[in-house]
Amino acid sequence: MRTPHTIVVDVNHAARTVPREGVDIIDTPPHHWSIVQRPRDAVRVPDDWGDRYALCPACRNRTVIKGHAAALRCPRCVGVFRVAWDEVERS
């Protein structure tokens, strides 16, 4: 469900209402690693990952990101994908 100001998303099978400006709606899944800012209330993200992590475009696995690599190999699905640093820089 969408309103001009909020959107409802499924997070671990629970409906959550979030501000609309914090969500990008796309027609197709990305083909690159997405950089995600660590949520303040993160529970299952290791503390030593710092303030951001990467999300695999193929299997949605989360992994630590250190430095500024152009591409990463997913430890779960073994896919190699570019890192979408350009998305981070324009947000």
Side-chain angles (χ1 to χ4, degrees):
M1 179 171 102
R2 284 188 235 183
T3 73
H5 304 287
T6 62
I7 189 166
V8 176
V9 295
D10 182 324
V11 179
N12 293 327
H13 308 291
R16 304 279 189 222
T17 302
V18 296
R20 175 66 184 90
E21 67 269 8
V23 178
D24 288 332
I25 299 174
I26 58 175
D27 294 327
T28 59
H31 297 288
H32 54 263
W33 286 93
S34 296
I35 306 302
V36 179
Q37 294 300 312
R38 178 192 187 88
R40 278 180 263 135
D41 60 350
V43 182
R44 295 181 355 203
V45 179
D47 289 335
D48 64 346
W49 282 16
D51 63 348
R52 63 185 180 196
Y53 57 89
L55 182 68
C56 177
C59 71
R60 305 296 186 244
N61 183 49
R62 293 179 283 179
T63 194
V64 65
I65 187 160
K66 303 239 184 218
H68 205 80
L72 289 175
R73 179 181 303 275
C74 180
R76 181 191 289 161
C77 71
V78 195
V80 177
F81 308 97
R82 80 171 182 86
V83 179
W85 292 111
D86 56 324
E87 291 181 357
V88 175
E89 292 158 2
R90 66 182 160 147
S91 60

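Just so you know, residue 1 is the first one in the sequence shown, and it goes up from there. FYI, side chains are in, hydrogens and waters are out, and symmetry mates aren't considered; it's all heavy atoms of this structure.
Its side chain within the 4.5 Å cluster rule, Val36 clusters with Val45, Trp49, Tyr53, Leu55, Val64 among the Ile, Leu, Val, Met, Phe, Trp and Tyr residues.
In this structure the side chain of His68 never reaches within 4.5 angstrom of the side chain of Val83, judged on heavy atoms. Val18 has its side chain out of reach of Thr6: every pair of non-hydrogen atoms, C-beta onward, lies at least 4.5 Å apart.
Residues that satisfy the side chain to side chain contact (heavy atoms under 4.5 Å, CB included) test with Ala58, not counting sequence neighbours, are Cys56, Cys77, Phe81. Taking the side chain to side chain donor-acceptor pair (under 3.5 Å) definition, one finds that Thr17 meets it with nothing, sequence neighbours left out. Applying the side chain to side chain contact (heavy atoms under 4.5 Å, CB included) test to Thr28 and every residue at least two apart in sequence or in another chain returns nothing. Applying the salt bridge (Lys or Arg N to Asp or Glu O under 4.0 Å) test to Arg38 and every residue at least two apart in sequence or in another chain returns Asp47.
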* Should Arg52 and Ile65 be marked as a side-chain contact (heavy atoms from CB on, under 4.5 Å) after you check the CA-CA gap, both sets of side-chain angles, and the distance that decides it? -> CA-CA 7 Å; Arg52 63 185 180 196; Ile65 187 160; 4.1 Å; yes
* **Steps toward side-chain contact (heavy atoms from CB on, under 4.5 Å) verdict (Trp33, Arg82)** => CA-CA 6 Å; Trp33 286 93; Arg82 80 171 182 86; over 6 Å; no
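Of all non-hydrogen atoms in Pro75 and Asn61, the two that sit nearest each other are CG-ND2, 3.7 Å. Val80 and Ala71 make their closest contact through CG1-CB, 4.3 Å (heavy atoms, listed as atom of the first residue, atom of the second, distance). Ala54 approaches Leu72 most closely through the heavy-atom pair CB-CD1, 4.1 Å.
Val11 and Val8 fall into different hydrophobic clusters, where Ile, Leu, Val, Met, Phe, Trp and Tyr side chains are chained together by heavy-atom contacts under 4.5 Å.
Legend: salt bridge (Lys or Arg N to Asp or Glu O under 4.0 Å) pairs involving residues 66-79, not counting sequence neighbours: none detected. Residue pairs meeting the salt bridge (Lys or Arg N to Asp or Glu O under 4.0 Å) criterion with at least one partner in residues 8-35, sequence neighbours excluded, do not occur; the list is empty.
Summarising the geometry, atom SG belonging to Cys74 is positioned 11.0 Å from atom CZ belonging to Arg60; distances are rounded to the nearest 0.5 Å.
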